[in-house]
Each structure stands twice: as structure tokens, then as C-alpha cells.
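First the structure, in the form of C-alpha cells, and then the observations on it.
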Amino acid sequence: MSQPWHAIYPTPRITAAYVSRTKLLQWLKEGKKQTNKDLIIIDLRRTDCEGGMISGSLNLPAQSLYPSIPTLYSVLTQGRISKVVWYCGSSRGRGPRAAGWFADYLAEQRDNRMESLVLEEGIKGWVAAGEEFTQWMTGYEELKWTI
């Protein structure tokens, strides 16, 4: 029997905090009004990302994330990002794991300026919340979510 993809990496030491979809939507709306954005949203899905993603999300599949965390941190630091929000389908596996790994790295860097957060209920919860949320998606395809 093969191991899950994440078994080759360490278990996160830190449990990252969750952010509600309502709070993330508020941040997105605030960011649209400002020129200085301090938020990045990362979609961790690989082959299950059909149907759209939250607008402005960066797609970094979880399976390839761990080795790139130092580089990602460097880029985000230069961009003065203070909030990193991670999500996957339901944010029960990949989301919390990636957010934990990144939180571990932040702790190692003694960086208490940047936060690593998990989107509560992931993209499925975002879509289920209705049009107020789906209008903030790129490539949203309703039929992909009704199957």
C-alpha cells in the first residue's frame, strides 16, 4: 500500500488559525478599494480545481509546496504580504497542512508580521455560500459544482 503524498514531509508543528469566508470576502472588497494589498490567497488544488477559483488566487498544488516554502516566503516578504490564506476543496487536509508548514517556517524565521491562515470550509464552502461569494471567483462554472 502506498503512502499519502504528504508522508515524505514533516507533520506541521503549528496549527494555523482559520479565517471565515465572510472575513476573507471583506478583505477582498477592501483590497479592491486600496492600491496597497497585503493579502495573498493560495489555492492548493491540483487536479480538482475545475469550476473556478477565488479571484486573485495563486494556484500552488500542495503536492509540490513543501520544498518551495523558503522561496515563497522570500517572494511574499518582498511583496510586503502580511496575510497568506490557504485553501483546498474543503480545507480539511491540504489547507491546514500547508498553512501549518508555512506557519512553522514563519516561526523559524521569527516572523510575527506575516500570518498563515486556512480558509474555513475551503472552496466548497465558498461556493455553497452563494452568489455573493461566487461573483468573486475566476472561471466559475456553476455546473461543475452541482454534480
Side-chain angles (χ1 to χ4, degrees), residues 1-129 132-140 144-145:
M1 189 162 133
S2 66
Q3 293 183 326
W5 66 268
H6 56 83
I8 61 173
Y9 304 117
T11 300
R13 295 181 307 278
I14 296 174
T15 300
Y18 281 78
V19 62
S20 71
R21 64 181 161 263
T22 304
K23 187 66 169 174
L24 179 56
L25 182 60
Q26 177 187 339
W27 290 341
L28 286 172
K29 288 177 179 179
E30 289 170 359
K32 192 170 186 175
K33 296 175 191 170
Q34 301 170 5
T35 55
N36 181 15
K37 296 184 181 185
D38 64 348
L39 166 72
I40 188 161
I41 306 167
I42 301 179
D43 182 341
L44 295 159
R45 298 172 298 155
R46 183 175 59 176
T47 56
D48 59 334
C49 66
E50 294 177 338
M53 57 198 298
I54 298 171
S55 295
S57 295
L58 179 62
N59 182 239
L60 295 176
Q63 293 80 353
S64 59
L65 175 70
Y66 189 82
S68 63
I69 287 175
T71 303
L72 178 62
Y73 173 75
S74 177
V75 169
L76 297 180
T77 300
Q78 291 174 23
R80 296 194 171 122
I81 298 297
S82 64
K83 295 178 196 83
V84 184
V85 178
W86 308 85
Y87 73 88
C88 57
S90 62
S91 288
R92 292 189 190 131
R94 294 169 287 184
R97 188 171 292 111
W101 286 333
F102 199 72
D104 287 349
Y105 192 80
L106 292 175
E108 290 167 14
Q109 303 307 306
R110 293 187 171 95
D111 185 332
N112 54 10
R113 189 190 64 78
M114 198 180 298
E115 282 183 277
S116 184
L117 305 161
V118 184
L119 175 61
E120 192 172 43
E121 298 181 352
I123 189 73
K124 291 178 182 176
W126 186 271
V127 169
E132 180 183 8
F133 292 85
T134 58
Q135 68 181 339
W136 287 85
M137 291 178 68
T138 302
Y140 174 66
K144 298 282 185 184
W145 298 100

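Because only heavy atoms are used, hydrogens play no part in the values below, and waters and symmetry mates are left out as well, while side chains stay in.
What you find for Val118 and Ala99 is that their closest heavy atoms are CG2-CB, 3.4 Å. Across all their heavy atoms, Gly56 and Thr138 have their closest contact at N-OG1, 4.3 Å. The heavy-atom pair separating Trp86 from Ala98 by the smallest distance is CE3-CB, 3.8 Å. Between Leu58 and Met53, the closest heavy-atom pair is C-CE, 4.3 Å. Closest of all the heavy-atom pairs between Asp104 and Thr11 is OD2-O, 4.4 Å. Of all heavy-atom pairs between Ser116 and Ala16, the closest is O-CB, 3.4 Å.
In this structure, Ser64 OG and Leu44 CG are separated by 9.5 Å, a value rounded to the nearest 0.5 Å. If you take CH2 on Trp27 and OG1 on Thr22, they are separated by 11.5 Å, rounding to the nearest 0.5 Å. Here the straight-line distance linking atom CD of Glu30 with atom CG of Leu25 works out to 10.0 Å at 0.5 Å rounding.
Note on residues 52-77: pairs passing ring-ring contact (aromatic ring centres under 6.0 Å, His included), not counting sequence neighbours, are Tyr9-Tyr66, Tyr66-Trp101, Tyr73-Tyr105.
Using modelled atom types, no side-chain atom of Arg13 and backbone atom of Gly100 make a donor-acceptor pair closer than 3.5 Å. Side-chain N or O atoms of Trp126 include none that pairs as donor or acceptor with a backbone N or O of Arg21 at under 3.5 Å.
Within the 4.5 Å cutoff, no side-chain heavy atoms of Arg92 are placed close to those of Lys124. For the pair Asp43/Ile41, no side-chain contact is recorded, criterion being any heavy-atom separation below 4.5 Å from C-beta on. Here the side chains of Glu121 and Ser91 are not in contact, with every heavy-atom distance at 4.5 Å or above. Here the side chains of Leu119 and Ile54 are in contact, with some heavy-atom distance below 4.5 Å. In this structure the side chain of Trp145 reaches within 4.5 angstrom of the side chain of Ile123, judged on heavy atoms.
Lys83 NZ: more than 12 foreign heavy atoms inside a 6.0 Å radius. Atom CD of Glu50 has 12 or fewer heavy atoms from other residues, nucleotides or ligands within 6.0 Å.
Taking a cutoff of 4.0 Å between a charged side-chain nitrogen and a carboxylate oxygen, Arg80 and Asp38 do not qualify as a salt bridge. The pair Glu132-Lys29 counts as a salt bridge, with a side-chain nitrogen and a carboxylate oxygen less than 4.0 angstrom apart.
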*Any chance you could lay out the side-chain contact (heavy atoms from CB on, under 4.5 Å) test for Leu24 and Leu117, step after step, and finish with the verdict?*
CA-CA 10 Å; Leu24 179 56; Leu117 305 161; over 6 Å; no
*Test Lys23 against Glu120 for side-chain contact (heavy atoms from CB on, under 4.5 Å), laying out the working first.*
CA-CA 10 Å; Lys23 187 66 169 174; Glu120 192 172 43; over 6 Å; no
*side-chain contact (heavy atoms from CB on, under 4.5 Å) assessment of Phe102 paired with Ile42*: CA-CA 12 Å; Phe102 199 72; Ile42 301 179; over 6 Å; no
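When each of Arg94, Arg46, Arg97 is checked for a side chain to side chain contact (heavy atoms under 4.5 Å, CB included) with Cys88, only Arg94 meets the rule.
A donor-acceptor contact closer than 3.5 angstrom links the side chains of Tyr87 and Ser57.
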